[in-house]
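What follows is one structure encoded as structure tokens, with my remarks underneath.
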Amino acid sequence: MYNEPMLRDDALEGKTIVVTGGGTGLGRAMSTYFLKLGANVVITSRKLEVLQKTAEEMQIETGRKVLAVKCDVRNYDEVTALLEDAIKTFGSVNGLLNNAAGNFISPTERLSANAFSTVIDIVLKGTSNCSLAFGKHWIEQKQPATILNIVTTYAFTGSAYVVPSACAKGGVLALTRSLAAEWGRHGIRSNAIAPGPFPTKGAWDRLLPGELAEKFNFKNRVPLKRVGEYQELANLAAFLISDFSGYINGEVITIDGGEWLQGAGQFNALEAVTPEMWDMLEQMIRKTNTSQI
Ligand code: HXC
Ligand code: NAP
């Protein structure tokens with residue numbers, strides 16, 4: 001059931017959406033759904049061969065044209081060239097999905113300065129580069145538009161062992177809310193999604209390599225005892241980038257099955273207590289109550 005498309009078929013008809021990191025993983029899944037809803041889609045990342053193959057497969061699956069553009073989001077000139085390409089092909093751009101990211105687990109003290117800034121540059125500078133270039137264009141053209149940023153739940157909790165990513169995603173969240181306030185008057189909405197675990201090759205190879213995938217199974221951290229389905233994320237992204245969410249601005253929506261709250265509540269770990277243990281604990285607690293009277 002949760003794997004069903006949610007929006008009506010023409011929900012994104014007439015829209016052109018640029019998706020950074022659209023050639024793989026979650027970016028690819030969201031792009032495919034945007035196409036199915038009638039949008040033109042531009043996918044972009046550093047690896048042109050990957051993008052071209054994905055674009056071809058998407059075109060076969062959806063019957064719609066996909067533009068694949070090589071662009072390193074860290075480079076502002078490449079981002080402006082991407083925007084120009086998109087406009088040349090489709091006439092205008094209405095949506096930007098900042099999804100590209102770089103990340104890997106490491107104790108922070110093992111990182112070189114370059115390793116730290118590489119992640120910050122892809123995630124925060126990449127998102128600000130794209131938002132700035134596209135925003136300038138939209139404001140100049142007096143064109144309403146939507147920015148949607150993919151963050152994570154540790155954008156607001158922080159997380160050990162992915163510190164550059166946590167810093168960068170926290171920055172993207174601040175950017176989301178700041179631009180929502182500043183550019184709202186231009187008709188430019190800015191929102192974010194904070195996904196919990198949605199297994200992709202890109203993320204799992206770098207975050208759960210080897211035996212970690214088994215030992216640190218994300219399913220066990222989620223109250224719903226499962227990971228996310230790509231279509232669930234695609235449904236939310238399509239809604240937030242569509243005009244149906246026209247009054248939502250500056251919001252971050254978490255889609256994680258309750259994962260971050262599970263880690264936050266001080267007594268949540270008590271799910272490990274069995275009914276028999278509860279019988280015993282209850283007796284002990286009740287005894288304390290009566291002995292106090
Ligand atoms: C320590 C490392 C390292 C590692 C790279 N470096 N990997 N340091 N441990 N495992 C160091 C390098 O030695 C170098 O520093 C610096 O980082 C840059 O590395 P490059 O390989 O030159 O960078 P680049 O080719 O730009 O690749 C960027 C990357 C790579 C981030 C390192 O992993 C990448 O391309 N990632 C893109 C896709 C991705 O990460 N997807 C997952 C997103 S998942 P020195 O000092 O040696 O020069 C995500 C999910 C969050 O965000 C939440 C999940 C639940
Ligand atoms: P992914 O497949 O590795 O996606 C990352 C994409 O970013 C790749 O397509 C990569 O393509 C692109 N990219 C990296 N550096 C770039 C650069 N400098 N310029 C342009 N593109 C660049 O991983 P994913 O899991 O789908 O992640 C997608 C998004 O979801 C990320 O923002 C991630 O933080 C977020 N997220 C994922 C999860 C999860 O469980 N999977 C959870 C929370 C948040 P190239 O290598 O070709 O450049």
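Computed over heavy atoms, backbone and side chain alike; hydrogens, waters and symmetry mates excluded. As the structure lists them, so they are numbered: ligands from 1, and atoms in each ligand from 1. Since the model is a prediction, treat every value here as computed from it, not as a measurement.
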Nearest protein heavy atom to [atom], by residue and atom, and its distance?
| atom | value |
| --- | --- |
| atom 52 (O) of ligand 1 | Asn103 ND2, 3.3 Å |
| atom 11 (C) of ligand 1 | Ala115 CB, 3.6 Å |
| atom 53 (C) of ligand 1 | Thr152 CG2, 3.7 Å |
| atom 33 (O) of ligand 1 | Arg206 NE, 2.8 Å |
| atom 54 (C) of ligand 1 | Leu207 CD1, 3.7 Å |
| atom 48 (O) of ligand 1 | Asn114 ND2, 2.8 Å |
| atom 2 (C) of ligand 1 | Phe104 CZ, 3.4 Å |
| atom 44 (S) of ligand 1 | Ala203 CB, 3.6 Å |

Margin query: Are any of the N/O atoms on Ser112, whether in the backbone or the side chain, positioned under 3.5 angstrom from an N/O atom of ligand 1?
Written below: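 N/O-N/O distance under 3.5 Å: yes.
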Check: Do any heavy atoms of Arg74 fall under 4.0 Å from ligand 1?
Finding: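 For ligand 1, residue contact (heavy atoms, under 4.0 Å) with Arg74 is present.
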Next item on the list: Return yes when Arg46 approaches ligand 1 closer than 4.0 angstrom through a heavy atom, no otherwise.
Entry: yes
Does [atom] have a protein heavy-atom neighbour under 4.0 Å away?
| atom | result |
| --- | --- |
| atom 14 (C) of ligand 1 | yes |
| atom 29 (C) of ligand 1 | no |
| atom 19 (O) of ligand 1 | no |

Check: In terms of ring plane angle, is the pair Phe218 and Trp204 parallel, tilted or perpendicular, where the classes change at 30° and 60°?
Finding: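 Aromatic pair Phe218/Trp204 classed tilted.
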Item checked: Donor-acceptor pair between Ser165 and Tyr154 side chains, under 3.5 angstrom -> yes
Next item on the list: For the residue pair Gln283 and Asp279, confirm or rule out a side-chain donor-acceptor distance under 3.5 Å.
Entry: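 Judged by distance alone, the side chains do not pair up.
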Margin query: Under a 3.5 Å distance rule, please check whether Ser245 uses its side chain to pair with a backbone N or O of Ile248 as donor and acceptor.
Written below: no
Check: If we only count heavy atoms from C-beta on, is the Leu175 to Thr127 side-chain gap below 4.5 Å?
Finding: yes
Check: Any idea which part of Thr118 is under 4.0 Å from ligand 1, heavy-atom wise: side chain, backbone, both or neither?
Finding: side chain
Note to self: Test of understanding: given a 4.0 Å heavy-atom threshold, classify the contact between Glu259 and ligand 1 as side chain, backbone, both, or neither.
What the structure shows: neither
Item checked: Amino acids contacting ligand 2, non-hydrogen cut-off under 4.0 Å ->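 Within the 4.0 Å shell of ligand 2, which is judged on heavy atoms, sit Gly21, Thr24, Gly25, Leu26, Ser45, Arg46, Lys47, Cys71, Asp72, Val73, Arg74, Asn99, Ala100, Ala101, Ile122, Ile150, Val151, Thr152, Lys169, Pro195, Gly196, Pro197, Phe198, Thr200, Gly202, Ala203, Trp204.
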Margin query: Looking at non-hydrogen atoms alone, which of Ala101, Gly202, Ala100 comes nearest to atom 37 (C) of ligand 1?
Written below: Ala101
Check: Is there any side-chain hydrogen bond (donor to acceptor under 3.5 Å, both in side chains) pair reaching into residues 208-224, and which pairs are they, with sequence neighbours excluded?
Finding: Glu211-Lys215, Arg221-Glu259
